[in-house]
Amino acid sequence: MKKLQGGAFALAVSTALLASPALAQSSGVVAPQYRWLTFLVFAAIIGLTMFVTYRAASKVKSASDFYTAGGGISGVQNGWAIAGDYLSAASFLGIAGLISIYGYDGFMYSVGWLVAYITVLLVIAEPCRNIGKYTLADILAYRNNPKATRIVGAISVIVVSTFYLTAQMVGGGVLVKTLIGIDYKISVITVGMLMLAYVIFGGMVATTYVQIIKAILLVIASIVLVLLVWSQYGFFGGFLQNAVNDGGIQERVRQLLEAKQAGSTAGMSPTELGQRFLEPGLYFTSPLDQISLGLALVFGTAGLPHILMRFFTVPSAKEARVSVIWAMAIIGGFYVLTLFLGLGAAMKVGAPNILLADRGGNMAAPILAQYLGGGADSMLGNFMLAFVAAVAFATIVAVVAGLVLASASAIAHDLYVGVIRGGSATAGEQVKAARIASLVVGAMAIVIGIAAEGQNVAHLVALAFAVAASANFPCILLTLFWKRCNTGGIVLGMIVGTLSAILLVLASPNTQYPNQIRAAANGIIATQQANVATLNAELATSTDAARQEAIRQAVAGAEATIATQQARIAALGDRTTNLIGLTEPLLPLRNPGIISIPLGFLSVILGSLLWRDRRSEELWDEVYVRQNTGLGAAAASQH
Amino acid sequence: MTTPNIDWARAGQDPRFLELVAKKRKFLFSLMAFSVVFYFLLPLGAAYAPGLWATKIFGVVNFGLLFAISQFVVAWSIAFIYTRRANREFDAASEALKRDLLAQAAQRA
């Protein structure tokens with residue numbers, strides 16, 4: 001019966017997506033005459049994942065099946081699934097985009113995303129597999145007060161997942177809209193419905209296979225694109241030589257440097273400009289901010305609930321180790337390929353075209369695919385674009401599914417079964433609670449995605465990493481490795497880590513400061529008004545008809561800019577402060593990690609020393625022996 | 001969740017267990033410290049040693065590019081070094097310990 005429902009639901013979702021060109025806008029990177037091709041590719045990939053979900057649905061009988069696929073995923077499979085879970089649109093499209101418009105700094109940014117897995121491998125994956133069952137809070141609750149630690153653990157998981165989820169939903173909606181021109185709200189609803197179909201019917205089994213399929217497609221797409229790029233521009237040394245000699249790249253560097261300091265490129269030769277693209281400093285301007293972001297990445301990944309949850313799906317600590325090794329090989333290999341994708345896009349497509357499609361550069365890889373296949377008018381070009389777009393779409397759905405599962409497990413397993421029901425619930429009740437929680441979280445994700453339309457959510461991913469690094473990571477690390485760590489430390493650490501990361505971001509330049517926006521807008525208005533005055537003066541004296549027309553157009557353009565800026569000021573109303581009542585940023589830091597991570601660690605230590613908890617210490621030997629030997633761990637996932 | 005009859009306090013004081021975890025801790029946290037320091041050399045060097053980063057090594061390939069690529073090689077090497085030691089040494093030691101503890105528990109029962 002469930003299978004039937006699942007199949008019918010899948011069909012309904014696919015039809016909704018396929019029928020939506022009727023509602024589609026004319027914009028989008030895909031040429032309208034080839035939109036059928038895009039839908040064909042999308043339908044094929046969605047169909048494949050739906051088939052997998054249909055097969056998986058019959059296997060989900062217990063809570064263990066739903067949350068962790070019964071611990072029956074192999075290390076290699078899990079490695080691919082981790083890569084699929086981790087390579088979100090932000091890293092898949094975002095980093096290629098950063099490299100294509102800023103060169104070296106984009107590549108440098110990608111490094112932290114891989115190094116993060118060393119932390120996961122060395123101190124998190126195996127002990128967590130041995131101690132935990134379904135959730136992050138399971139690890140915290142083991143030797144501490146179960147109710148208190150489950151509550152703070154679950155709240156932190158929900159906070160981190162919601163930030164991440166919002167960024168994915170909004171980013172996904174914008175992405176699908178930009179790529180194939182479907183309305184934003186329909187994109188968000190489609191992503192949400194598909195994800196719900198995977199999660200509710202197929203639980204972790206289906207989510208895992210969707211992530212594996214997506215990772216394989218992503219790797220295939222990247223390899224094909226890089227081989228094509230190499231065939232045109234040469235391999236490593238020759239490729240980079242071509243990049244340095246590329247006129248488009250040279251012009252892009254000139255503009256970036258001139259924008260920083262006018263006249264700074266006066267004495268530079270074209271090859272010097274091109275060479276500058278392979279040197280740091282075009283994107284990152286504050287080393288402190290960059291280190292702060294690096295800390296959040298390197299320690300935050302180990303505290304991301306949807307990544308942590310993946311280690312409960314394998315049968316043993318050894319398989320957890322194997323999965324991190326595979327994940328590191330895939331993720332690292334992917335970022336190395338991204339260097340060539342990014343620079344290839346900079347040469348083949350060019351920064352102006354990339355920025356025109358999307359100001360953040362997110363369209364670099366998809367448009368590169370279109371150009372490599374023969375351009376916007378060719379069948380092959382549009383097929384390749386459609387393929388990359390479909391992979392991007394599958395990416396968002398797969399990542400969102402993992403996040404929803406992590407949040408739902410925190411609500412159903414930690415809060416409902418663990419706290420409200422005191423740990424006693426039948427297998428049937430647990431699965432039911434998990435499905436209901438998934439439905440609620442998924443519906444929330446759709447609502448948030450629609451409500452946050454047009455908001456700048458780029459910093460939310462960084463914030464999710466910062467909270468994970470400042471709250472989750474210190475708590476997990478210390479409860480696993482420090483005997484004195486106890487309930488007081490976990491509760492204080494979770495609260496201080498989460499709040500300090502969020503408050504520091506609210507007090508940072510990331511939020512909107514009305515006075516600053518007003519000043520900037522007024523500056524632009526003043527410049528444009530002066531511009532209009534000069535143009536009108538020229539118009540009065542000009543006699544050439546063509547010139548007069550050009551001036552009139554320039555005046556209209558300037559007046560439009562003035563109107564836009566005036567609308568920006570009007571939208572602010574009489575507000576003078578940001579969300580938390582600040583008139584200007586308290587700190588110049590955009591990334592809170594460098595302050596909030598030490599604060600998180602300090603709070604766990606202080607809390608543990610201030611409050612004594614005999615149970616935490618009595619259970620230390622058990623926890624320490626278990627995490628190092630895996631004693632009793634296999635039983636946790638057998639059913 | 002609990003495995004019956006294991007005397008955790010005694011297991012936690014077992015000299016073989018203490019030797020294993022002492023070795024593991026030292027090894028893991030040294031690797032961890034090295035990888036973090038090595039990683040932060042990248043943004044620090046890029047920000048404070050732009051001259052070194054721009055130094056060409058061969059063709060247009062500069063030190064900064066090679067250093068960024070070396071980060072991937074080093075990350076993979078750390079994973080390899082850890083896995084090899086864990087597979088050869090730590091796994092065997094913890095398996096032996098686990099067998100003994102289970103045997104002791106069975107005797108008591």
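Every chain is numbered from 1 and lettered A, B, ... according to where its sequence line falls, protein lines coming before strand lines. If you're wondering where the values come from, they're calculated on a predicted model, not measured in any experiment.
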Verdict with reasoning, B/Phe40 to A/Leu295, per side chain to side chain contact (heavy atoms under 4.5 Å, CB included):
CA-CA 9 Å; B/Phe40 283 104; A/Leu295 283 169; 3.6 Å; yes
According to side chain to side chain contact (heavy atoms under 4.5 Å, CB included), who are the partners of [X], at least two apart in sequence or on a separate chain?
| X | answer |
| --- | --- |
| B/Ala9 | A/Asp621, B/Asp7 |
| B/Gln104 | B/Arg10, B/Leu101, B/Arg108 |
| B/Ile81 | B/Phe27 |

Atom [atom1] in [X], atom [atom2] in [Y]: separation rounded to 0.5 Å?
| X | Y | atom1 | atom2 | value |
| --- | --- | --- | --- | --- |
| B/Phe67 | A/Met108 | CZ | CE | 11.0 Å |
| A/Glu279 | B/Lys56 | CD | NZ | 8.0 Å |
| B/Met32 | A/Thr119 | CE | OG1 | 3.0 Å |
| B/Leu44 | A/Ile291 | CG | CD1 | 4.0 Å |
| A/Thr629 | B/Leu20 | OG1 | CG | 9.0 Å |

Can a donor-acceptor pair be found, under 3.5 Å and without considering hydrogens, that links the side chain of A/Arg321 to the backbone of B/Tyr82?
no
Check: B/Tyr39 side chain, A/Val115 main-chain N or O, donor-acceptor pair, under 3.5 Å:
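Checking the backbone N and O of A/Val115 against the side chain of B/Tyr39, no donor-acceptor pair under 3.5 Å is found.
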Please flag which part of [X] lies under 4.5 Å from any non-hydrogen atom of chain B: side chain, backbone, both or neither.
| X | answer |
| --- | --- |
| A/Val298 | side chain |
| A/Val244 | side chain |
| A/Phe299 | side chain |

Intermediate values then yes/no, side chain to side chain contact (heavy atoms under 4.5 Å, CB included), A/Tyr624 and B/Phe17:
CA-CA 10 Å; A/Tyr624 208 42; B/Phe17 176 72; 3.8 Å; yes
Among A/Val322, A/Leu240, A/Asn628, which has the most heavy-atom pairs under 4.5 Å with chain B?
A/Asn628
Any residues in residues 271-278 of chain A near chain B, with a heavy-atom distance under 4.5 Å, and which are they?
A/Gln275, A/Leu278
